[in-house]
Amino acid sequence: MNAGNPYEAPGSSVTEPVGGECLRDGKYVYVPSGYDLPPRCIICNEAAQMPIKERTMYWHSPWLYLLIIVNILVYALIALIVRKKTKVSPGYCADHKAARQRKINWFLVPSILLMLGGTGLMVYGPDSLGVFVFVLGFLLLIPAIIASNTIRPIRIEKSGAKYNGCKEPFLSSLK
């Protein structure tokens with residue numbers, strides 16, 4: 001604090017070691033329960049653009065995917081029951097936040113336009129073509145969802161969670 005201005009907000013150095021309680025585990029990041037990622041870009045390790053949005057992540061054992069063979073509804077029901085959740089706040093610098101948003105929009109805008117066009121075709125044109133266009137637009141939502149999730153939980157336990165998707169500059173700053 002500056003002695004000349006008692007109302008000045010306390011400052012912090014961006015060069016302080018980051019990571020806190022987060023640990024590097026090879027190409028993964030382990031975050032103990034009750035802690036969060038440091039406020040740094042998970043791609044380039046620059047200062048993250050504030051505010052950082054907290055995300056809720058869900059995970060279940062990969063063995064549950066075998067239930068899709070039985071029935072996809074059985075899988076969905078059991079996955080909803082046994083999934084584990086955690087909250088994490090992955091930070092992005094201004095450049096990587098904008099790049100992530102561009103990737104999402106690259107699929108989201110055509111998806112919405114196709115679904116609207118398919119709905120219009122179902123009302124005013126051939127139903128089968130309208131259904132096809134609508135389903136095509138709906139399927140374009142899948143890459144948009146994949147583009148939005150740059151960090152993914154690998155395992156969630158009571159003691160903490162392990163995440164994949166952080167890049168080497170961020171990983172090298174952790175213990």
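Starting from 1, each residue takes its place in the sequence as its number.
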* Asked: Linking I/L/V/M/F/W/Y whenever their side-chain heavy atoms sit closer than 4.5 Å, directly or via other members, would Ile52 and Val29 fall into one cluster?
  -> no
* Asked: Is the closest side-chain heavy-atom distance between Ile151 and Met57 below 4.5 Å?
  -> yes
* Where is the tightest heavy-atom contact between Gly91 and Ala48, given as atom of each residue plus distance? -> CA-CB, 3.9 Å
* Go through the steps for Leu174 and Leu23 under the test side-chain contact (heavy atoms from CB on, under 4.5 Å), then give the verdict. => CA-CA 6 Å; Leu174 301 174; Leu23 302 171; over 6 Å; no
* Would you check if Phe170 and Pro38 make a side-chain contact, meaning some heavy-atom pair closer than 4.5 Å? => yes
* Please check if the side chain of Thr86 supplies one atom and the backbone of Ala161 the other of a donor-acceptor pair under 3.5 Å. => no
* Asked: Under a single-linkage definition using a 4.5 Å side-chain heavy-atom cutoff for Ile, Leu, Val, Met, Phe, Trp and Tyr, are Ile81 and Leu67 assigned to the same hydrophobic cluster?
  -> yes
* Where Leu37 and Cys22 come nearest, the two heavy atoms and their spacing -> CA-SG, 3.9 Å
N/O donor-acceptor pairs under 3.5 Å from side chains in residues 111-120, not counting sequence neighbours:
| unit_1 | atom_1 | unit_2 | atom_2 | d |
| --- | --- | --- | --- | --- |
| Ser111 | OG | Gly137 | O | 2.5 |
| Thr119 | OG1 | Met115 | O | 2.8 |

* **Nearest non-hydrogen partners of Asn71 and Leu73, listed with the distance** => OD1-N, 2.9 Å
* Distance from Asn164 atom CG to Lys27 atom NZ, nearest 0.5 Å? -> 5.5 Å
* Would Val109 end up clustered with Ile104 when hydrophobic side chains under 4.5 Å apart are linked, directly or stepwise? -> no
* Structure fact -> To the nearest 0.5 Å, atom CD of Glu21 lies from atom OH of Tyr30 at 10.5 Å
* Structure fact -> Output for pair (Leu136 CG, Leu140 CG), nearest 0.5 Å, gives 5.5 Å
* Atom pair CD1 (Ile43) and CZ (Arg100), whose distance is rounded to the nearest 0.5 Å -> 9.0 Å
* Tyr163 and Val31: CA distance, side-chain angles, deciding distance, side-chain contact (heavy atoms from CB on, under 4.5 Å) verdict -> CA-CA 8 Å; Tyr163 297 98; Val31 180; 3.9 Å; yes
* Any side-chain heavy atom of Pro90 sitting closer than 4.5 Å to one from Thr150? -> no
* To do: Take Lys162 and Asp25, measure what side-chain contact (heavy atoms from CB on, under 4.5 Å) needs, and give me the verdict at the end.
  => CA-CA 8 Å; Lys162 187 185 283 191; Asp25 186 8; 2.7 Å; yes
* Asked: Linking I/L/V/M/F/W/Y whenever their side-chain heavy atoms sit closer than 4.5 Å, directly or via other members, would Leu64 and Ile68 fall into one cluster?
  -> yes
* Asked: To the nearest 0.5 Å, what is the distance between OG (Ser173) and CZ (Arg24)?
  -> 9.0 Å
* Could you check Arg40 against Ile42 for side-chain contact (heavy atoms from CB on, under 4.5 Å), going step by step and ending with a plain yes or no? => CA-CA 6 Å; Arg40 311 288 280 166; Ile42 63 170; over 6 Å; no
* Asked: Quick one: are Ile145 and Ile142 in side-chain contact, heavy atoms under 4.5 Å?
  -> no
* **Shortest non-hydrogen contact from Lys84 toward Ile156** => CD-O, 3.2 Å
* Can you tell me how far CG of Asn45 sits from CG of Leu171, rounded to the nearest 0.5 angstrom? -> 9.0 Å
* Asked: Does CG belonging to Leu80 count more than 12 external heavy atoms closer than 6.0 Å?
  -> yes
* Pair listing, ring pair (Phe, Tyr, Trp, His ring centres under 6.0 Å) test, anchored in residues 42-74, at least two apart -> His60-Tyr65, His60-Tyr75, Tyr65-Tyr75
* Would you say Cys93 and Gln49 make side-chain contact, with heavy atoms under 4.5 Å? -> no
* **Side-chain touch Lys167/Cys44, heavy atoms, less than 4.5 angstrom** => no
